[in-house]
Every structure is written in structure tokens, then in C-alpha cells.
J.: 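The structure's right below; bear with me while I get my questions together.
Within every chain, numbering begins at 1; the chains are lettered A, B, ... in the order of the sequence lines, protein sequences first and strands thereafter.
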Amino acid sequence: AQSVTQLDSHVSVSEGTPVLLRCNYSSSYSPSLFWYVQHPNKGLQLLLKYTSAATLVKGINGFEAEFKKSETSFHLTKPSAHMSDAAEYFCVVSVFTGRIALNFGSGSRLQVQP
Amino acid sequence: GAVVSQHPSWVICKSGTSVKIECRSLDFQATTMFWYRQFPKQSLMLMATSNEGSKATYEQGVEKDKFLINHASLTLSTLTVTSAHPEDSSFYICSASPGESLGYTFGSGTRLTVV
């Protein structure tokens with residue numbers, strides 16, 4: 001079985017300060033891991049993905065995440081927040097076990113203060 | 001690349017009527033598409049996996065007669081909410097992948113309001 005835990009349901013940062021959104025996972029198989037962003041009443045946009053290549057993954061809009069197998073973590077970071085980063089962020093684990101299984105975290109709402 | 005188009009974006013319907021939502025992969029073929037439901041301020045809940053040319057696989061607790069899924073071609077899956085009721089009001093999102101290692105692309109979602 002696999003699961004995803006997003007440890008921060010709400011995060012508020014000031015513009016220009018770093019962003020950290022935490023994600024821990026559990027999986028009986030080698031997972032693929034993704035971070036998606038969702039703006040209000042919009043679909044999900046892929047920020048970055050880890051699929052067993054480099055453990056430090058760089059995505060769009062200056063975001064990056066590091067896969068740490070020993071800690072079963074895949075935290076999302078950005079050095080300097082922008083107002084446009086305010087949105088909901090989802091950590092997703094994908095495992096193929098004969099059928100594709102996508103597991104979503106509960107989401108992290110990021111607020112960026114001016 | 002890997003664009004998924006979902007229509008309509010917004011729909012308001014009367015209670016008892018049916019609503020069809022379309023999900024298209026524009027630049028790739030998708031033998032499998034996924035349908036999700038999202039309640040306000042919550043994460044996505046997988047409703048069903050749509051398989052081209054065969055029956056959809058529904059998640060536990062999802063009424064297959066209520067949420068009809070048709071995946072008649074490699075680029076189109078439809079979700080029909082039959083005899084809609086106010087409790088069916090929600091945000092519905094579809095997803096597909098051009099390949100497992102390439103990630104999943106999501107449609108822009110459909111806001112359904114049943115009055």
C-alpha cells in the first residue's frame with residue numbers, strides 16, 4: 001500500500017522569503033513522485049516529478065524538490081516566494097502494480113504576504 | 001506538449017437532468033484516463049479509471065450507474081452525471097498521461113452546480 005502525507009496544510013510566507021512544503025510518503029514499491037499546483041477553480045499543473053533519476057529535481061517557476069529515500073520525503077522548496085505562487089500544492093505518489101495507482105496528499109495552501 | 005482539454009469549465013443544471021463532461025488528450029493518445037472529484041478545500045478523490053474500448057474501473061463507493069464513463073477513442077473520455085442532484089455539485093477533473101515517466105496532465109476542471 002502507498003500513502004502520502006503533507007505535513008503543512010497552511011503555509012504563509014512573505015514575498016521574497018523561502019518556501020518549504022513538506023511531503024512524506026510510504027510505498028511498498030519504487031514510486032514516482034510529483035508536485036502539482038492548483039490555482040482556484042483551475043486544474044492541476046505539474047511543477048516537477050521524480051522518476052528514479054536524479055534525486056534533486058528542478059521544476060518550473062523556480063521550484064525544486066529532493067527525493068530522500070532514507071527519510072521517505074519529497075519536500076518542495078523555492079528560494080524566494082512570489083505573490084503568484086499563492087495556490088494549493090499537492091504531493092502525489094504514483095505506483096504501477098498492474099494498474100496505475102495515484103495517491104494524492106491532502107494539499108498545502110500557500111499564502112504569500114506582500 | 002501533453003495537453004488535456006476538459007469541457008465545459010462551468011455548468012449549472014436543474015436537479016434530475018444529466019450532464020456530460022468531456023476530456024480530450026490533444027496531442028497524445030491516452031488508453032487510460034482518470035476522473036476525479038474535488039470538494040471545496042479538499043484533495044482530489046479518484047472516482048474511476050477510464051479504459052479505451054472497455055469498461056471503466058470504479059473506485060469503491062462510486063455509483064457506476066450515476067457516473068457513466070465512456071472512453072470510445074484514444075483521445076476522448078466522457079463522464080455523464082445522470083439524474084443530477086444538488087449533492088453532486090462539485091469540481092470534476094480528468095487526467096491522462098502520455099507515459100508513466102512523463103507524469104500526469106490534468107484538465108482544467110469542470111465546476112458542476114446542480115440547482
J.: With a 4.5 Å cut-off on side-chain heavy-atom distances among I, L, V, M, F, W and Y, is there a chain of contacts connecting Val11(A) to Val112(A)?
T.: yes
J.: What part of Gln45(A) lies closer than 4.5 angstrom to a heavy atom of chain B: side chain, backbone, both or neither?
T.: neither
J.: Would a single hydrophobic cluster contain both Tyr36(B) and Val11(B), if residues Ile, Leu, Val, Met, Phe, Trp and Tyr are joined by side-chain heavy-atom contacts under 4.5 Å?
T.: no
J.: Report which part of Phe104(A) has an atom under 4.5 Å of a heavy atom belonging to chain B: side chain, backbone, both, or neither.
T.: both
J.: Test of understanding: with side-chain hydrogen bond (donor to acceptor under 3.5 Å, both in side chains), list the residues that count as partners of Asn70(B), not counting sequence neighbours.
T.: none
J.: Please answer: with hydrophobic residues joined when any side-chain heavy atoms are less than 4.5 Å apart, are Val37(A) and Phe74(A) in the same cluster?
T.: yes
J.: If we only count heavy atoms from C-beta on, is the Val92(A) to Leu44(B) side-chain gap below 4.5 Å?
T.: no
J.: Any chain of hydrophobic side-chain contacts (each under 4.5 Å) joining Val19(B) to Val62(B)?
T.: yes
J.: Let me confirm one number: the OG-NE2 distance from Ser108(B) to His39(A), rounded to the nearest 0.5 Å.
T.: 14.5 Å
J.: May I have all residue pairs that pass disulfide bond (SG atoms under 2.5 Å apart) and include part of residues 39-83 of chain A, sequence neighbours excluded?
T.: none
J.: Any chance you could measure Phe34(A), atom CZ, to Tyr104(B), atom OH, to the nearest 0.5 Å?
T.: 6.0 Å
J.: Using modelled atom types only, decide if a donor and an acceptor are shared between the side chain of Ser43(B) and the backbone of Gly107(A) within a distance under 3.5 Å.
T.: no
J.: For a 4.5 angstrom cut-off between non-hydrogen side-chain atoms, does Trp10(B) reach Asn41(A)?
T.: yes
J.: Checking Tyr50(A) against chain B: side chain, backbone, both or neither under 4.5 Å from a heavy atom?
T.: neither
J.: Between Gln38(B) and Phe90(A), which heavy-atom pair has the shortest distance, and what is it?
T.: NE2-CZ, 3.6 Å
J.: Specify the closest pair of heavy atoms between Phe91(B) and Gln38(A), including all atoms of both residues, with the distance to one decimal.
T.: CE2-NE2, 3.7 Å
J.: Give the cluster check for Val93(A) versus Trp35(A): same hydrophobic cluster or not, with ILVMFWY residues linked at side-chain heavy-atom distances below 4.5 Å.
T.: yes
